[in-house]
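Letters go in sequence order (proteins before strands), and every chain restarts at 1. As the structure is a prediction and not an experimental result, all values here were calculated from the model.
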Number of protein chains: 2
Amino acid sequence: MSRKPFQRLTEADRRRGLLDATLDCIGAHGLSGASARRIALHAGVTAGLIRHHFGTMDELVRCAYRHLMDQLTGEALLASQAGRGSPEQALAQFVAANVMGPNISARKVALWATFIGRVGRAPGYSEIHRDSYRDFLELLERLIHPVRAAYALPADPDTCRDLSIALNGLIDGLWLEGSLGHGLYHADRLPRVALSAAEGVLRLPDHSLLQHLPDGPMAQN
Amino acid sequence: MSRKPFQRLTEADRRRGLLDATLDCIGAHGLSGASARRIALHAGVTAGLIRHHFGTMDELVRCAYRHLMDQLTGEALLASQAGRGSPEQALAQFVAANVMGPNISARKVALWATFIGRVGRAPGYSEIHRDSYRDFLELLERLIHPVRAAYALPADPDTCRDLSIALNGLIDGLWLEGSLGHGLYHADRLPRVALSAAEGVLRLPDHSLLQHLPDGPMAQN
DNA sequence: AATACTGTTATACATTCGTGCAACAATTGG
DNA sequence: CCAATTGTTGCACGAATGTATAACAGTATT
């Protein structure tokens, strides 16, 4: 019997590989199906490595949760920076980006939901959720404030906070339902629905956000 | 050795008991922790009964998912019927009820999220999600239409459908974040935030929904 | 009160789980 | 080019899992 040949990686690389494999396994088979052996097989290593790098299985899964949320908020931040022009454009592109590909993703929403199901039930998950939620909320506030000010609407911190909470709920809910992809309507409707609803939530004039719809407003209504 | 004394129940009663125990176990310990033995212990029976009534473990969990969604939409329907007065009042009470106790519940959101994590990944879950989502959407459309008409706003089916999609996203997102209860803001803010945002989404005059806030508007703003 | 029916218990079994641990080998520093 | 380090493998172990199945006992019928 000969041993499997292997390659020594840096701790960061090996950890990232194991975290990605963990997310893949959880996405495909759920938390129950993400066993140490399956994750290790998917990552091309053996199960003992998990103990070596993460100590316990719980710790690996918690780290995978944080890894996922870092990816999601990182992409959201990137989308917000793509809107180079007016504050309205930045906000519009950010909102739209959250209800279009690649953010609309069955894999991502399955992962997100699986972890959310553990928040408040298993130790450590609440902190990760709170941190990532706060990041998202603050990002949204910084996008909303200049737009409200540009239209001479009240933009004090309390008002902007409430508006961020509402808009965050709207984005989360639409991202969720769009990603789950029941066949009840076509996902193409979502960007327009989201932008129009966002205009209403923020009390902006009609089409102030819709006109910045990234794909171009080739549809008339 | 003496056997455990037991009681024969009707099939409906026994199934309901097992389904409730399943939801309790999933809520407390996650899908991975909801083993046949633990569920049976919690229901006061032995594990063999699960096979007798549900055949397989997968089938039990799927039935528990449907059981949960039936409960949730049942409560939502009840809340919508509590608003006896104007269409605005019915809609306002429905929206508010979804971001207040008892609908705001850490247990319920954990269960919901756990199941959502399996939609599209395991067989049978997508259908349950689609059915319950459609029910909720249609309920919302029936509440929105008369309100839009009362304010002489366009209320054609297509418009109402888009508004329902947006409002459903808003409600879902706020219910979710409120139920998860990160300590970033007090959940008391949610009903006002939700109603004000709903007014914007539906393009209703300010305070047209807020004035029907169930707890009474003792706060001035 | 005896009988039949079947809901329920109890046990068995193969499988998979997390993880502890010793041996090995890829890499690095001298 | 050799030796030390440690990332990695491979295996063992007890516990827990889903489910098959036989024996039992509550319940209803007569």
Side-chain angles (χ1 to χ4, degrees), chain A residues 1-26 28-65 114 118 122-125, chain B residues 1-26 28-65 114 118 122-125:
Chain A
M1 291 288 287
S2 75
R3 282 170 83 95
K4 168 188 175 185
F6 62 95
Q7 197 176 343
R8 298 171 90 114
L9 296 187
T10 66
E11 174 164 348
D13 284 343
R14 187 61 82 195
R15 282 178 65 99
R16 191 167 343 107
L18 282 169
L19 291 174
D20 287 337
T22 303
L23 291 181
D24 283 344
C25 288
I26 294 176
H29 312 103
L31 262 184
S32 354
S35 67
R37 285 169 176 85
R38 174 139 43 187
I39 291 169
L41 182 69
H42 194 272
V45 298
T46 54
L49 251 200
I50 289 175
R51 173 173 165 77
H52 186 265
H53 283 287
F54 293 93
T56 174
M57 202 59 189
D58 281 344
E59 181 62 15
L60 170 65
V61 175
R62 263 190 301 269
C63 287
Y65 180 21
T114 300
R118 302 311 302 145
Y125 288 79
Chain B
M1 289 284 288
S2 76
R3 284 169 80 95
K4 168 188 175 186
F6 62 95
Q7 197 175 328
R8 299 170 89 114
L9 297 187
T10 66
E11 175 165 347
D13 284 343
R14 187 61 82 193
R15 282 177 66 98
R16 192 169 339 110
L18 282 169
L19 290 174
D20 287 337
T22 303
L23 291 181
D24 283 343
C25 288
I26 294 176
H29 311 103
L31 262 184
S32 355
S35 68
R37 284 170 177 83
R38 173 135 49 186
I39 291 169
L41 182 69
H42 194 272
V45 297
T46 54
L49 252 200
I50 289 174
R51 174 174 164 75
H52 187 264
H53 283 286
F54 293 92
T56 173
M57 202 60 187
D58 281 344
E59 181 61 16
L60 170 66
V61 175
R62 263 190 301 270
C63 287
Y65 179 22
T114 300
R118 301 312 302 146
Y125 287 80

At under 4.0 Å between heavy atoms, how does the protein contact nucleotides 21-30 of chain D? Give one character per nucleotide, 5' to 3', with B, S or -. B-BBBBS---
Interatomic spacing from CG in B:Leu41 to CZ in B:Arg37 - rounded to 0.5 Å: 11.5 Å
d(CD, A:Glu11; P, D:dT6) in whole Å: 12 Å
Of residues 30-42 of chain B, the positions that come close to DNA chain D - non-hydrogen atoms, cut-off under 4.0 Å: B:Ser35, B:Ala36, B:Arg37
For B:Arg38, what residues pass the side-chain contact (heavy atoms from CB on, under 4.5 Å) criterion, not counting sequence neighbours? B:Cys25, B:His29, B:Ser35
Rounded off to whole Å, could you give me the CZ-to-P distance for the B:Phe54 and C:dG7 pair? 13 Å
Considering every strand and a 4.0 Å limit on heavy-atom distances, what is the contact class for B:Leu9: base, sugar-phosphate, or nothing? sugar-phosphate
Which value, rounded to the nearest 0.5 Å, describes the distance between A:Asp13 atom CG and A:Gln7 atom CD? 9.5 Å
Could you give the CZ-to-C1' distance, from A:Arg14 to C:dT27, as a whole number of Å? 13 Å
Whole-Å distance between D:dT8 C1' and A:Ile50 CD1? 13 Å
Counting just side-chain N and O atoms, does A:Thr56 come under 4.0 Å of either OP1 or OP2 of C:dG18? no
Rounded to whole Å, please give me the gap between NE2 in A:His29 and P in C:dC17. 11 Å
Separation between CD1 (A:Ile39) and CG (A:Leu23), nearest 0.5 Å, reads 9.0 Å
Work out which heavy atom in B:Ala43 is nearest to a heavy atom in B:Gly17; give both atom names and the distance. CB-O, 4.2 Å
In this structure, how many angstroms lie between the C1' atom of C:dA26 and the CG atom of A:Leu49, rounded? 13 Å
Inter-residue atom distance A:His52.NE2 - A:Leu18.CG, 0.5 Å rounding: 11.5 Å
Here the distance between atom C1' of C:dT9 and atom NE2 of B:His53, to the nearest Å, is 12 Å
Distance below 4.0 Å between B:His52 side-chain N/O and C:dG7 OP1 or OP2: yes
Any donor-acceptor pair under 3.5 Å linking the side chain of B:Arg14 with the backbone of B:His53? no
Is any side-chain N of the basic residue among A:Glu59 and A:Arg62 closer than 4.0 Å to the acidic one's carboxylate O? yes
If you apply the rule side-chain contact (heavy atoms from CB on, under 4.5 Å), what do you find for B:Leu31 with B:Arg118, and how did you get there? CA-CA 10 Å; B:Leu31 262 184; B:Arg118 301 312 302 146; 3.9 Å; yes
